[in-house]
Amino acid sequence: MSTVRQALTALDRDAAGRSMMDLAAGLYPIPRSLTGDGVRETLDRIARRIPLQVHELPTGTQVLDWTVPREWNPRQAWIRGPSGRRVVDLADHNLHLVGYSVPVHRTMRLDELRPHLHSLSEQPDLIPYRTSYYEETWGFCLPHRLLESLPDGEYEVFVDASLEDGSMTWGECLLPGSSAEEVLISSHVCHPQLANDNLSGIAVAVHLAEALAAVPERRYSYRFLFAPGAIGAIAWLARNRDRLDSFRHGLIAANLGDGGGFHYKRSRYGEHEIDRAVVAALAGLGEDLVTEDFFPFGYDERQYCSPGFDLPVGVLTRTPWGRYPEYHTSADDLSFIGAEALAGSLAAYLATAAALEERLGAPAPPPVAAEGGRKSGGGRRYRNLEPFGEPQLGRRGLYGGLGGAGRKEFEIAMLWVLNQSDGEHSLDDIAERSGLPPGVVGEAADALREAGLLEELA
Ligand code: ZN
C-alpha cells in the first residue's frame, strides 16, 4: 500500500473493529481525569501501539490565560450507610466519585450529605458523570433510585485522594510526511470509564495512526494529540504557538462508536479545505453525513478555533455529544459502542486523509473573515483582548456560578461574543448567527467588557 487511498481500500474492517474494541475495553476501567496516573496509564497503553512522545507540564505553569492545575489522584472513596454497609464505592465504578474531589473523612447525617450527592431523576438507574476541576469540593454520583432509597441516619464518608503539585500529562504521535504541513487529529483523554465519549475517539485515532504509519507515500505530516480536554489543548497551543504556520487541517475525534450516522461540525471558516474534504470523503464511502455550522462550545475546537488562532478544525463524530441519552452517564459503557461502528469511523477518517492527500477539497481559501464572510450589519463591534484560546471565565466570576433561568444562555452568549469579536462582526451579526436574543448578546458583551476582555471598536 503506497498511498492512503490504497490503505483505505485494503482496510480489514472486521479486524480493525475488533482491535479497537479490545483497546477500548483495556482503557475502560482506568480512572482518568484532567491529570494524574490514569492519564499516564492510558498514554502508556497507546504507546504500546504507536510512537508516542509524552509531555509533562508542571502544576502552576501559565498557559495562555490558564494555569496548569494541581494533579489529582484518587485512591479510595466510599460512603458507609447506617447499616454499616458501603452504599457507594469508587471501586465499583469510577463515575461514583466527582472528579477532583478533595479528601474528606467525616460522619454526617443524610441531610448534610445530600448536597454532595448527584443523580439523574430522569434516568434513575444511571450514574452521572460530574467533575469539579476549578472549585474545591467533593461529591459522589449515584443512581437516583439508590439515592431515594437511602434511609435517614449517620453516614461515614471517605475520600482518599491526593490533590497536590505535580503535572499535567499529554501525548503526541507525529508521523512525518514528505511535507512539513501538518494534519492534527485531536482526542481528549480525561474521561473516566465512558466509552463513546471518549474511548471511541482514542481507539479510532490510534488505529488511524497505525494505518497511516504503514503508508510510505504520505504528503502530509500527521500529528495525533491525546490530551485532557480544554486545558490540554490550551497547553498544546501555548507550547506550539511559534510553529502553527505549518498547521493545515485538524479534526476532533470523539463519539465514534455509537450506532448513529456521521455528523460533521464545520470549522469556523465553514468552507475550508478540511470541511470540503470530509464531505467528499463521506460521499465517496456512500455514508450519509449531517453537517452543522461552527458554534463556539463543545470540544477542543473552542480552543483551536478561537479568533486568535482560528485554525481550520472540524469535528467528525457519529452522534454528537449531548444528543444521546447515554451521554456522560454510566450507560455510555462498552455495550454502547460496537466494532462495526468503530470500523466505519476509522474508514471515514482514513477516507478524509486520502481526500486531503489528493487535495479533493482544494484549493483552500485564504484565511480571512469567518464563515459566510458576512460583514457587520450594524450595531456595536468589539475586539476580543484575549483571543488566543478561551479566556478563563470562571476565575473572573463570569462562568459556572449559580445556575438559574437564562444563566446557561448568558454563558453561551459570552462564548459567541468572544469567538466572533475579531473586529469583523457586530453584536447584531453575532445575535443573528447564534440565534440568541440580541439583549442577551448585549449583556454578555457588557459583562466581558467590564472584565477587561473586550474593547469596543469605533
Ligand atoms: Zn465529555
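One-based numbering, in listed order, for ligands and for the atoms of each. All values reported here derive from a predicted model rather than from experimental measurement.
Between the side chain of Thr329 and the main chain of Ala331, a donor-acceptor pair closer than 3.5 Å is present.
Within the protein, the N, O or S atoms lying under 2.8 Å from the Zn ion (ligand 1) are His191 NE2, Asp197 OD2, His328 NE2.
For the pair Arg80 and Trp78, the cation sits on the ring face: its NZ or CZ lies under 6.0 Å from the ring centre, inside 45° of the axis. In this structure, Arg248 is not positioned above the aromatic face of Tyr220 in the sense of NZ or CZ being under 6.0 Å from the six-membered ring centre and within 45° of the axis.
For Ala253, the side-chain contact (heavy atoms from CB on, under 4.5 Å) test picks out Ile185, Ser187, Leu256, Tyr349, with sequence neighbours left out.
In the displayed structure, Gln62 atom CD is contacted under 6.0 Å by more than 12 heavy atoms of other residues, nucleotides or ligands.
His105 and Phe158 have their aromatic ring centers within a separation under 6.0 angstrom.
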